[in-house]
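These notes concern the structure reproduced below.
Fair warning: this is a prediction, and the values are worked out from it, not measured in the lab. One-based numbering, in listed order, for ligands and for the atoms of each. When a residue number appears, it is its place in the shown sequence, counting from 1.
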Amino acid sequence: MASVLVASNRGPVSYMLGEDGELDARRGGGGLVSGLSAISSQDSLWVCAALGAGDREAVRRGIGEPGVRMLDIAPEVYADAYNGIANSVLWFLHHHLCDIPREPVFDAEFRRRWESYRAYNHAFAEALAAEADEGAAVLVQDYHLALVPGMLRELRPDLRIGHFTHTPWVSSEYLRMVPDDIVEELLWGMLGADELGFHTWGWASFFITCCSQRDDSTGMSNGVWPSGDPWHGVTWHRYGVGKGRTRVRAYPLGVDGDELRALAHRPEVDERLARLREEVGDRKTIVRVDRTELSKNILRGLLAYRELLTAHPEWRDRVVHLASAYPSRQDLASYREYTASVAELAEEINAEFGTADWQPVIVSVEDDFTRSLAAYRLADVALVNPVRDGMNLVAKEIPVVSEAGCALVLSTGAGAYQELREHALTVNPFDVSQTAEALHTALSMPASERADRTKRLAAAATALPPQRWFLAQLEALRD
Ligand code: F6P
């Protein structure tokens with residue numbers, strides 16, 4: 001039993017099953033892992049899904065980390081919930097990525113998958129209900145588990161339930177394409193929580209607008225807006241899933257500067273940095289690091305780089321674009337196609353401008369944090385141009401680690417824009433020409449200005465490090 005519980009699809013550890021039958025544990029990093037380290041593992045439990053064959057085998061053999069419980073959900077149910085609903089429908093809605101002439105389609109097949117999404121959420125709610133002490137605090141994470149708060153409240157009305165959304169939240173206009181009963185189930189699922197957290201007040205207010213625009217008969221349009229600072233949140237009266245109130249607030253996750261700098265100065269990072277320096281020579285560097293993710297806008301980033309080399313030929317052979325774009329969600333055809341298009345466009349740019357001793361774009365497809373940290377240290381310019389992004393921690397990590405100062409070209413669609421815009425070069429992510437010009441300005445920026453901006457960016461990026469982000473939500477729940 002635990003007094004603090006976290007629930008998320010992906011847990012802090014996953015297992016790979018080797019050909020010899022051995023299980024190899026891989027530990028992940030990220031905000032939640034460092035956040036949860038703020039409390040003792042004896043009081044806490046992290047509930048997550050078994051993601052693949054290795055995880056399921058670990059559950060079967062009873063292997064696991066203390067303080068972590070993996071749920072072995074039937075593979076077909078998991079695939080429908082994770083690929084079929086969470087990543088194909090909810091992710092596309094929240095990021096406004098739908099290919100409207102074709103997607104989404106709400107038909108019998110969708111309804112079948114939605115059943116799986118329900119079942120998967122219910123498995124989490126049951127596990128949490130079984131493991132939580134009387135009055136325990138439960139912090140549920142993200143769009144995969146949007147129905148858990150409502151389900152859990154029905155099972156255990158004594159618990160204090162929080163839910164945090166790491167993505168943007170869909171606009172009410174865009175949400176109109178979803179059938180009413182599904183929207184209501186989703187919103188009521190979320191409103192089962194005592195506290196709803198978002199990375200920015202903008203995403204939080206989108207959620208509130210989605211609720212307030214529902215028909216009065218749903219009982220959902222009853223928000224009470226406080227006067228003054230939105231940091232104190234909006235209290236929402238709940239009528240559907242047990243009477244009560246839900247407070248909606250912004251908790252903008254930042255990075256832990258000391259921890260990140262220590263990681264970035266390990267000998268293996270020094271060694272990668274030396275190799276990168278050899279590859280790049282005395283040229284300037286434009287660095288980006290992303291999953292190959294549709295919302296990250298990697299193609300328009302490459303088009304902007306191509307336009308930079310065309311409009312400002314003085315940069316030819318004087319700059320290298322280090323683009324780390326590692327494959328993600330390859331079960332989905334649109335992601336496989338996108339990954340191939342990124343590789344193709346990078347090749348085209350190299351063929352058009354490259355010379356015997358200059359490769360204009362170097363794409364790395366490995367998910368290798370050591371290399372990313374080395375690239376962060378080397379970066380003269382960071383390109384972070386997502387079309388829409390909950391926060392984007394790369395925009396916060398680079399200024400903290402950068403050695404000589406790094407100019408940040410930042411999309412207005414990133415949650416990080418809210419805190420970093422003053423010291424970044426901000427761009428409309430769809431405007432390729434504006435992005436190309438911002439790259440030129442960033443490359444041309446005097447070193448002293450770059451260093452000064454970087455210092456201010458780093459201060460803003462470390463304002464709410466993971467442990468404080470986590471504890472702030474816990475305190476709010478216990479309040
Ligand atoms: O932003 C939402 C999020 O869950 C992030 O926390 C994470 O970077 C990403 O999506 C992971 O996606 P997946 O687990 O599908 O690889």
Side-chain angles (χ1 to χ4, degrees), residues 6-14 16 26-36 46-52 54-55 70-71 73 78-97 117 120-121 124 139-146 148 163-170 190 197-200 202-203 206-207 251-255 288-298 324-332 334-336 338-339 365-367 369 372 384 386-397 411 413-416 466 469-470 473:
V6 167
S8 65
N9 172 62
R10 195 177 282 279
V13 63
S14 67
M16 302 305 289
R26 309 238 164 119
R27 277 162 203 86
L32 260 186
V33 175
S34 0
L36 195 60
W46 190 328
V47 178
C48 56
L51 301 182
D55 286 355
M70 271 187 182
L71 302 181
I73 294 163
Y78 182 75
D80 281 342
Y82 175 71
N83 285 323
I85 297 292
N87 288 344
S88 296
V89 181
L90 300 179
W91 181 273
F92 279 68
L93 287 169
H94 288 320
H95 291 84
H96 291 189
L97 283 176
Y117 181 73
Y120 156 85
N121 273 252
F124 273 82
L139 289 131
V140 181
Q141 308 298 313
D142 239 346
Y143 61 102
H144 313 92
L145 301 178
V148 167
H163 183 282
F164 192 88
T165 297
H166 294 261
T167 60
W169 188 266
V170 57
M190 299 273 289
F198 294 85
H199 279 306
T200 71
W203 306 137
F206 274 34
F207 175 81
Y251 296 90
L253 176 63
V255 298
R288 76 172 304 142
V289 175
D290 303 282
R291 290 186 295 117
T292 311
E293 159 57 56
L294 276 57
S295 62
K296 302 290 183 188
N297 208 19
I298 303 169
S324 174
Y326 49 94
S328 168
R329 302 186 187 168
Q330 295 292 297
D331 288 340
L332 303 185
S334 52
Y335 279 68
R336 291 196 297 274
Y338 192 72
T339 306
V365 293
E366 261 151 68
D367 179 5
F369 196 50
S372 299
V384 179
V387 289
R388 208 173 155 86
D389 207 336
M391 173 53 78
N392 198 302
L393 286 178
V394 172
K396 291 188 167 182
E397 288 169 349
S411 159
W469 170 82
F470 185 82
Q473 291 173 73

Among all residues two or more places apart in sequence or in another chain, which pass the salt bridge (charged side-chain N to carboxylate O under 4.0 Å, His left out) test with D80?
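In terms of salt bridge (charged side-chain N to carboxylate O under 4.0 Å, His left out), with neighbours along the sequence ignored, D80 is linked to R112.
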With sequence neighbours left out, what residues match P386 under side chain to side chain contact (heavy atoms under 4.5 Å, CB included)?
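Side chain to side chain contact (heavy atoms under 4.5 Å, CB included) check on P386 returns V384, D389, N392, S411, A414.
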According to side chain to side chain contact (heavy atoms under 4.5 Å, CB included), who are the partners of A146, at least two apart in sequence or on a separate chain?
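With sequence neighbours excluded, A146 shows a side chain to side chain contact (heavy atoms under 4.5 Å, CB included) to Y117, L186, M190, given in chain and number order.
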Check whether the ring centres of W469 and F164 lie less than 6.0 Å apart, and answer yes or no.
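W469 vs F164: aromatic centres under 6.0 Å.
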Need the list: ligand 1 N/O atoms against protein N/O atoms, distance under 3.5 Å, rounded to one decimal.
unit_1: ligand 1; atom_1: 4 (O); unit_2: D142; atom_2: OD2; d: 3.0
unit_1: ligand 1; atom_1: 10 (O); unit_2: R329; atom_2: NH2; d: 3.4
unit_1: ligand 1; atom_1: 12 (O); unit_2: R329; atom_2: NH2; d: 2.8
unit_1: ligand 1; atom_1: 14 (O); unit_2: R10; atom_2: NE; d: 2.8
unit_1: ligand 1; atom_1: 14 (O); unit_2: R10; atom_2: NH2; d: 3.3
unit_1: ligand 1; atom_1: 15 (O); unit_2: Y82; atom_2: OH; d: 2.4
unit_1: ligand 1; atom_1: 15 (O); unit_2: R329; atom_2: NE; d: 2.9
unit_1: ligand 1; atom_1: 15 (O); unit_2: R329; atom_2: NH2; d: 3.1
unit_1: ligand 1; atom_1: 16 (O); unit_2: R10; atom_2: NH2; d: 3.1

Taking the side chain as every heavy atom from C-beta outward, state whether H144 and R10 have any pair of such atoms under 4.5 Å apart.
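SC-SC contact between H144 and R10 ruled out.
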Parallel, tilted or perpendicular, judged at 30° and 60°: which one describes the rings of Y82 and Y78?
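Ring orientation of Y82 relative to Y78: parallel.
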